[in-house]
Structures are given as C-alpha cells and as structure tokens.
Amino acid sequence: MNKINFYQKKYEALETFYGWIDQGSEYDIAVEQTAYYNHGLEEIEEIILNITIASRYSRCGKTISEQFKKRLETAISKVKTLNLQEYGLTDEEIKVFSEEIEEVEVLIDDV
C-alpha cells in the first residue's frame, strides 16, 4: 500500500471541486465532474475525495443527489474495513477523517 499525504489529497479534492464551481457548475454537477476526472484513483484516495467534498455539502447546507449518496454509502462501507495507519495516516489525521465520516453519515441519513 502506498503512503498518502492526507491533507494534500483533501486539498486536491477541494481544488478540483471548487474549480468546477468557479467555472459555473452547480454543486451536483461539480461533484460528478470531479469524480469523472479523478477516475482511477487508489481506493483510499477516492474515499478521501468523496468524504471531503461531502463534508462541504454538510457545512453549507446543500442537499446531495441520490447518485452521490450511493457513492458515499459505498465509500463509508469501504473505509470502515481499512486500516488507515497502513496508508501512513497519523492518529490526528485518522481522528479528523473519522469526524468527517460521521458528519457525512448524518448528511446522508437526512436525504
């Protein structure tokens, strides 16, 4: 397994997502464009991308699409089976990531 830079991956996810927003895409379109153009990421990177973007939905009160909800449910299911320390995440990064996952779980339960 490759070690990843957790905060770098979060930054890249948000940079891409908000790049689409800046170009005029609505949130639901921007998330799909981000997912499409980041196809082929390692599993953990894809999970971080989706959770990071979904946490922004939560924080600004946006409603997620059914398609994004399904992707998030899959991501959350997968991440719970992973040992995040094997990817080089520190205890602090795991704590932050776990809090974001909980935030996203609340978001998708409200849909």
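- At a threshold of 4.5 Å between non-hydrogen side-chain atoms, the residues Phe97 and Ile47 count as touching.
- Linking Ile, Leu, Val, Met, Phe, Trp and Tyr residues whenever their side-chain heavy atoms come within less than 4.5 Å places Tyr87 and Tyr7 in a single cluster.
- Residues satisfying the side-chain hydrogen bond (donor to acceptor under 3.5 Å, both in side chains) criterion with Glu103, sequence neighbours excluded, are Ser58, Arg59.
- When all heavy atoms of Leu107 and Ile64 are compared, the closest pair comes out as CD2-CG2, 3.7 Å.
- Note that the CG atom of Leu82 and the NZ atom of Lys78 stand 9.0 Å from one another [nearest 0.5 Å].
- With sequence neighbours excluded, the residues that form a salt bridge (Lys or Arg N to Asp or Glu O under 4.0 Å) with Lys95 are Glu99.
- Interatomic distance, NZ of Lys70 versus CD1 of Ile108, reported as 12.5 Å (0.5 Å rounding).
- No side-chain donor from either of Gln67 and Asp28 sits under 3.5 Å from a side-chain acceptor of the other.
- A donor-acceptor pair under 3.5 Å is formed between the side chain of Thr52 and the backbone N or O of Ile48.
- In summary, Lys80 and Glu105 engage in a salt bridge, as defined by a charged side-chain N under 4.0 Å from a carboxylate O.
- Rounded to the nearest 0.5 Å, atoms CD1 (Ile21) and CZ (Arg56) are 12.5 Å apart.
- A donor-acceptor contact shorter than 3.5 Å links the side chain of Ser98 to the backbone of Ile94.
- In this structure, Leu89 CG and Lys9 NZ are separated by 12.0 Å, a value rounded to the nearest 0.5 Å.
- Checking side-chain atoms of Glu45 against main-chain N and O of Glu42 turns up a donor-acceptor pair under 3.5 Å.
- In this structure, Leu41 is not a member of the same hydrophobic cluster as Trp20, with clusters built from ILVMFWY side-chain heavy atoms closer than 4.5 Å.
- One finds a salt bridge joining Glu32 and Arg71 here, because a Lys/Arg side-chain nitrogen approaches an Asp/Glu carboxylate oxygen to under 4.0 Å.
- With hydrophobic clusters built from ILVMFWY side chains whose heavy atoms lie under 4.5 angstrom apart, Phe17 does not share a cluster with Tyr36.
- Counting only heavy atoms from C-beta outward, the side chains of Ile44 and Leu84 approach each other to under 4.5 Å.
- Tyr57 and Phe68 have tilted rings, their planes meeting at an angle from 30° to 60° on a 0 to 90° scale.
- The CD atom of Gln33 sits 11.0 Å away from the CD atom of Glu26 when rounded to the nearest 0.5 Å.
- A single hydrophobic cluster is seen to contain both Val104 and Val79, as judged by linkage of ILVMFWY side chains at heavy-atom distances under 4.5 Å, directly or through other members.
- The two atoms that bring Thr34 and Ala13 nearest to each other are CG2-O, 4.4 Å, heavy atoms only.
- Comment: Lys10 engages Glu100 in a salt bridge, judged by a side-chain N to carboxylate O separation of less than 4.0 angstrom.
- Atom CD1 of Ile76 is separated from atom CD of Glu102 by 10.5 Å, given to the nearest 0.5 angstrom.
- Taking the side chain as every heavy atom from C-beta outward, Tyr27 and Cys60 approach each other to under 4.5 Å.
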